[in-house]
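Computed from a prediction, not measured in an experiment: that's the story for all the values here. In the text below, chain A, chain B and the rest are named by the order of the sequence lines, each starting its count at 1.
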Number of protein chains: 2
Amino acid sequence: MRRKSLSGAACPIARTLDVIGDWWSLLIVRDALRGMRRFSEFEKSLGVSKNILTRRLHALVRQGILETAPAADGSAYREYRLTAKGRSLFQVLVALGQWGHENAAAPAGSRMIMVDREHRRPVRKLEVRASDGRLLGPGETMMVRIGELAGASNTNQG
Amino acid sequence: MRRKSLSGAACPIARTLDVIGDWWSLLIVRDALRGMRRFSEFEKSLGVSKNILTRRLHALVRQGILETAPAADGSAYREYRLTAKGRSLFQVLVALGQWGHENAAAPAGSRMIMVDREHRRPVRKLEVRASDGRLLGPGETMMVRIGELAGASNTNQG
DNA sequence: TCATCTAGTTCCATAATAGAACCTGTGGGA
DNA sequence: TCCCACAGGTTCTATTATGGAACTAGATGA
């Protein structure tokens with residue numbers, strides 16, 4: 001059976017999962033954000049088999065999250081670079097990392113954490129805030145169809 | 001071949017994906033955050049077949065993201081409720097929703113957006129900030145092993 | 001020149017997904 | 001009380017996706 005497509009869903013969460021909701025895509029983006037660009041780098045970092053890596057990379061290119069370009073080292077090979085669309089998955093990765101840090105046990109001694117590069121201090125926990133700055137919990141939000149928004153057409157986010 | 005396990009990974013992003021990195025889990029959590037609790041509610045909302053829904057729900061219970069309890073309507077059935085661990089996936093869902101809103105096209109007229117329930121205004125875009133409050137982009141962060149943290153043992157997040 | 005590296009492709013066994021049919025206990029109405 | 005629809009599954013089968021290994025073609029480099 002064909003995997004169910006969510007690309008036409010009204011919910012933006014479902015549409016996102018349709019694009020990057022598989023085993024490897026987000027890990028590839030994570031590595032790409034760390035600076036990896038070459039097929040062999042991803043292969044080594046992820047420990048994924050080549051056929052799957054090939055398919056994932058091509059899918060990410062098709063979706064505009066990665067793009068290929070001549071390798072920066074001047075060789076005849078090509079490399080994979082994040083597009084702006086790919087880089088904007090940053091917040092998703094931070095959220096996943098923070099949740100994993102707090103909720104998924106890691107082998108002792110090898111736990112990693114995201115820090116700001118300059119001061120090497122942990123990044124702040126992500127906060128969901130209303131447009132007026134109020135901190136929001138899960139129960140204080142809801143999804144509405146665009147057009148049912150209140151007052152001024154503040155097209156902030158989604 | 002057994003699906004590759006990431007549960008022992010040092011990277012918290014990988015560990016999170018090991019837990020909820022599949023097609024349906026996050027959509028179930030999304031619906032649960034909206035208040036859904038019953039098997040049939042999830043089934044109707046997601047359009048997923050029963051055998052898969054059963055497996056996903058049981059897996060989420062096993063992982064402590066959902067828990068079962070006697071149904072709130074007093075019937076003999078049971079319902080699935082989010083645990084604190086499950087509710088803390090809120091930031092992940094907001095990040096996914098914001099990315100989808102900005103980067104994944106939706107069928108015209110049916111786009112949805114997350115708002116704060118009180119004022120019906122879009123939630124602010126998530127911001128990644130350093131412990132001193134500086135706004136951070138993808139290039140200004142890195143992952144380090146815990147123990148290589150600078151100075152004071154500020155155990156903020158991950 | 002020749003071995004090695006890069007970036008794949010192909011082949012196969014196994015696991016996951018989707019859909020449908022079937023099953024068991026509940027709840028509610030006549 | 002009887003009966004039927006509903007809730008919440010389980011079982012079966014077809015189709016995909018995944019993982020591992022083997023194989024390949026072009027590029028590099030000693």
Report task. Would you indicate, yes or no, if dA18(C) has its OP1 or OP2 atom less than 4.0 angstrom from a side-chain nitrogen or oxygen of W24(B)? Result -> yes
Query raised in the report: Could you give the CD-to-C1' distance, from E41(A) to dA7(C), as a whole number of Å?
Result: 13 Å
Query raised in the report: Does any N or O donor sit under 3.5 Å from an N or O acceptor when you compare the side chain of Y77(A) with the base of dG8(C)?
Result: no
Requested in this report: Grab the CZ-P distance between R37(B) and dG8(D) for me, whole Å please.
Outcome: 13 Å
Query raised in the report: At under 4.0 Å between heavy atoms, what does S40(B) touch on the DNA or RNA strands: base, sugar-phosphate, or nothing?
Result: sugar-phosphate
**Report entry** Exam field: side chain T83(A) to backbone G64(A), donor-acceptor pair closer than 3.5 Å
**Finding:** yes
Query raised in the report: Does a side-chain N-to-carboxylate-O contact under 4.0 Å join K125(A) and E127(A)?
Result: no
Query raised in the report: Between dG9(D), dA18(C), dG8(C), which one does the side chain of F39(A) approach most closely?
Result: dG8(C)
**Report entry** K50(B) side chain, from C-beta outward: closest of dA18(C), dA27(D), dG9(D)
**Finding:** dG9(D)
Report task. Choose from dA18(C), dG19(D), dG9(D) the nucleotide whose nearest atom is closest to any side-chain atom of V48(B). Result -> dA18(C)
Query raised in the report: The side chain of T54(A) lies closest to which of these nucleotides: dG19(D), dT9(C), dG25(C)?
Result: dT9(C)
Query raised in the report: From dG8(C), dG8(D), dG19(D), pick the nucleotide closest to the side chain of H58(A)?
Result: dG8(C)
Query raised in the report: Expressed in angstrom and rounded to an integer, what is the separation of L57(B) atom CG from dG8(D) atom P?
Result: 10 Å
Report summary line: Of dA27(D), dT18(D), dT17(C), the nucleotide closest to the side chain of R56(A) is dT18(D)
Query raised in the report: For the pair made of CG in L53(B) and P in dG9(D), what is the distance, rounded to whole Å?
Result: 8 Å
Query raised in the report: On DNA chain D, nearest-nucleotide positions of G74(A) versus D22(A): which is more 5'?
Result: D22(A)
Query raised in the report: Is any side-chain nitrogen or oxygen of R55(A) closer than 4.0 Å to OP1 or OP2 of dA17(D)?
Result: no
Query raised in the report: Are any of the side-chain heavy atoms of R38(B) and Y77(B) separated by less than 4.5 Å?
Result: yes
Query raised in the report: Base, sugar-phosphate alone, or nothing: which one does Y80(B) contact when heavy atoms must sit under 4.0 Å apart?
Result: sugar-phosphate
Report task. Return the 5'-most residue of the pair R38(B), W23(A) with respect to DNA chain D, ranking by each residue's nearest nucleotide. Result -> R38(B)
Query raised in the report: Is R78(A) touching bases, backbone alone, or none of the nucleic acid, heavy atoms closer than 4.0 Å?
Result: sugar-phosphate
Query raised in the report: Considering only dG20(D), dT17(C), dG8(D), which nucleotide approaches the side chain of N51(A) most closely?
Result: dG20(D)
Query raised in the report: Can you tell me if R15(B) uses its side chain to pair, donor with acceptor, with the backbone of A9(B) under 3.5 Å?
Result: yes
Query - Side-chain donor or acceptor of E41(B) paired with backbone N/O of R37(B) under 3.5 Å - result: yes
Query raised in the report: What integer distance in Å separates K4(B):NZ from dT14(C):C1'?
Result: 15 Å
Query raised in the report: Quick check: does any side chain N or O of S45(B) sit under 3.5 Å from a backbone N or O of F42(B), one acting as donor and the other as acceptor?
Result: no
Query raised in the report: How long is the line joining CD1 of I52(A) and C1' of dA13(C), in whole Å?
Result: 13 Å
Report summary line: I28(A) CD1 to dT18(D) P, in whole Å, measures 11 Å
Report task. Nearest whole angstrom, please: distance from the P of dG9(D) to the CZ of F42(B). Result -> 11 Å
